[in-house]
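Here, residue 1 is the first one in the sequence, and each next residue gets the next number.
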Amino acid sequence: MGRPVILGNGALTVGLNDNGFVNDFYYPYVGLENLSNSRLLNHMIGVWIDGVFSWVDSELWSRTVNFESKALVSKISMRSDSLSLELVFNDFVAKDKDVFCRQMTIHNNSDKKREIRLFMHQVFQISHAGRADTALYQPDEKYILDYKGSVSLLIGGRKSNGDAFDQFAVGSYGIDGKEGTFRDAEDGELSGCAVEHAGVDSVIGFTTNIEPFGQDVVDYWVVASSTQQDAEIIHKDLMKSGLNDLLDKTRKSWNLWLSKSDLSRKSVSDELSEATTKSLLIIKAHIDKRGGVIASCDSSIYNYGRDYYSYVWPRDGAFVLWPLIRLGYKTEAKRFFEFCSEIMHPDGYMMHKYQPDKAVGSTWHPLLHGRHSELAIQEDETAIVIFMLGEYYDYIKDKEFIEKLYKTFIKPAADFMSKFIDKQTGLPHPSYDLWEEKYLTHTYTTAITRKALLVASSFAKLFGQHDDHLNWNLSAELLFENQDVFYDKENKMWNKGFSITDSKDIKLDTTLDVSSWYGAFMFDYYKDNKSITDGAKTIEVKLLNSSPTGGIPRYENDSYFSSTPSYKGNPWFVTTLWLAQYYIRINKTEDASNLIKWCLAHAGQSGTLSEQVNPETGVHTGVSPLVWSHAELVNSILDISS
């Protein structure tokens, strides 16, 4: 189950699942500390009416979960025909306050006046073990406080008449054989238990009487803060004013952010406009205000994997920023480049991945290969950031910012890449590929490294650093001249890469990998254009539409999240859109349009794109949304619209 709705402000990020429930609650960094207990239980919503109680994820209810096309504001409907009831949600995270808000309109679809009780359940896990949290009811200001150390979560709400919730209960969750306080709501009456510690959850209830075919509005919020006092200040303001003004301000703030690229998106067709706008909003939701760009805030992968995707991969971050740079967004790009400058290893390379607080992330890359100590890196991650700095300069013309990074980032990175070359082959020393799997000298890595060295060389020339300009340019030429090993003329394809055996022989990896061809194509790493056109034809014949779903897998026989039957691998949005971008380049716009339409046809109900899809059913596989997928969609739409 992915996250059809992601809401955030660069510090507080909330992910809603297919039922419209809160599943992920990150604070104070985007994607770092998930304070929701989402692996075990999400935040539930229940209704008591005419003596009947139901949770809204039961079979009595149908749900649509979406978000608005011009703001990160949810558009959710939960409808029960048997109960003659509908709940409509507008959820958002305020732009200038760390508060998650739900404005809920209750529609009584019967011809009788009815008392309706709405129950909102919260289950946070602030401490890592979930055993040291405290939840308590504050009677004077009428809220629930869930806290541990430097994190305070204040849960409050008000009815349309200005009154606070009228029922509450705090209790134990997941300890001593207890399921949780949410069970207390199922008779329509909460116990009023006012405090509990260790593993805790809570429920608040709103009672409202609604006329026949009438409606009423309930406001609900969770304030995140470092102190109870600061959270209470926001709570008091919301109790006075409700959520209407804050919702309006949030919409206007998102509209203003989008308007910065209105002129650049003017040529985008109406057919593609909403997908473009929604993708930009999803991208923005994953960018931490301190510079980190998170690959995905969908934590569901942890239920069947061993880690999250909520890290900053320099590669993902750079690719994600590409469409923003093209559209003129400076702030996000500058903060990311500064982030990279601060996390770079002193020797001039980027590590595998990072947390948004700049700590090094987890890895599965060993430091030992055979009997040799090796760097646990993917060299392309260093190169792509330099390349994207070149794109930033081309589009933004911010010479002063580039010069500021020259000594702290550009020179160390370029020096490292120019030295990280094997004497035997004149090509990069082995590192891991962009898919994080194989330790080789890769076609893709070589292509982006050579391009990055050319970008760095141009910066050196711009700033009068002639020795650097000459050295990096010569290194780039060396990588270009020795490229013949990568292209297989007989099979008309770009090899994945090669390794050097103990006897110093070259051992080719002949896997057909879309990234190898894409790297050569996108980063101008080819001597003969025929190698690109023939390479594309090979991908068309062997990988395109190689499963009933369509699309393109990353490479032949990709086993990551493989299905039964596995075909040649699961189709990926990123690789499918890479081919679309090539088609646009050679004026095969109809073919490109068909691939873009394929991506849109396989989007989630709210327009989200996952990492990959099942080759038979088309169901999203891996995380959803994957921000890189959305970045490539926007890039493809901008290309085809120009």
Does the side chain to side chain donor-acceptor pair (under 3.5 Å) test come out yes or no for Asp298 and Ser300, once each step is laid out? CA-CA 6 Å; Asp298 173 13; Ser300 63; 2.7 Å; yes
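- Side-chain polar atoms of Thr207 and Glu115 form no donor-acceptor pair below 3.5 angstrom.
- Between Asp245 and Lys249, no side-chain nitrogen of the basic residue sits less than 4.0 Å from a carboxylate oxygen of the acidic one, so the salt-bridge criterion is not met.
- When side chains are defined from C-beta on, Lys278 counts as touching Asn66, because their heavy atoms get closer than 4.5 Å.
- Between Phe206 and Phe165, the angle of the ring planes goes over 60°, which puts this pair in the perpendicular group of the 30/60° scheme.
- For His630 and Phe573, the distance between ring centers is not under 6.0 angstrom.
- With sequence neighbours excluded, no residue forms a side chain to side chain donor-acceptor pair (under 3.5 Å) with Lys142.
- Not one N or O on the side chain of Asp184 forms a donor-acceptor pair closer than 3.5 Å with the backbone of Ala169.
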Does Gln612 form a side chain to side chain donor-acceptor pair (under 3.5 Å) with Thr621? I'd like the steps, not just the answer. CA-CA 5 Å; Gln612 46 189 301; Thr621 304; 5.6 Å; no
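- With sequence neighbours left out, Asp111 forms a side chain to side chain donor-acceptor pair (under 3.5 Å) with no residue at all.
- Side chain of Arg158 to backbone of Lys240: a donor-acceptor contact under 3.5 angstrom is found.
- Under 3.5 Å, the side chains of Asn244 and Gln103 contain a donor-acceptor pair of N or O atoms.
- In this structure, His620 contributes its side chain and Gly2 its backbone to no donor-acceptor pair below 3.5 Å.
- Between Asp216 and Lys159 there is no salt bridge, since no side-chain N of the basic residue sits under 4.0 Å from a carboxylate O of the acidic one.
- Under a 4.0 Å N-O distance rule, the pair Asp288/Arg290 qualifies as a salt bridge.
- Put simply, the side chain of Arg117 never gets that close to the backbone of Trp48: no donor and acceptor are under 3.5 Å apart.
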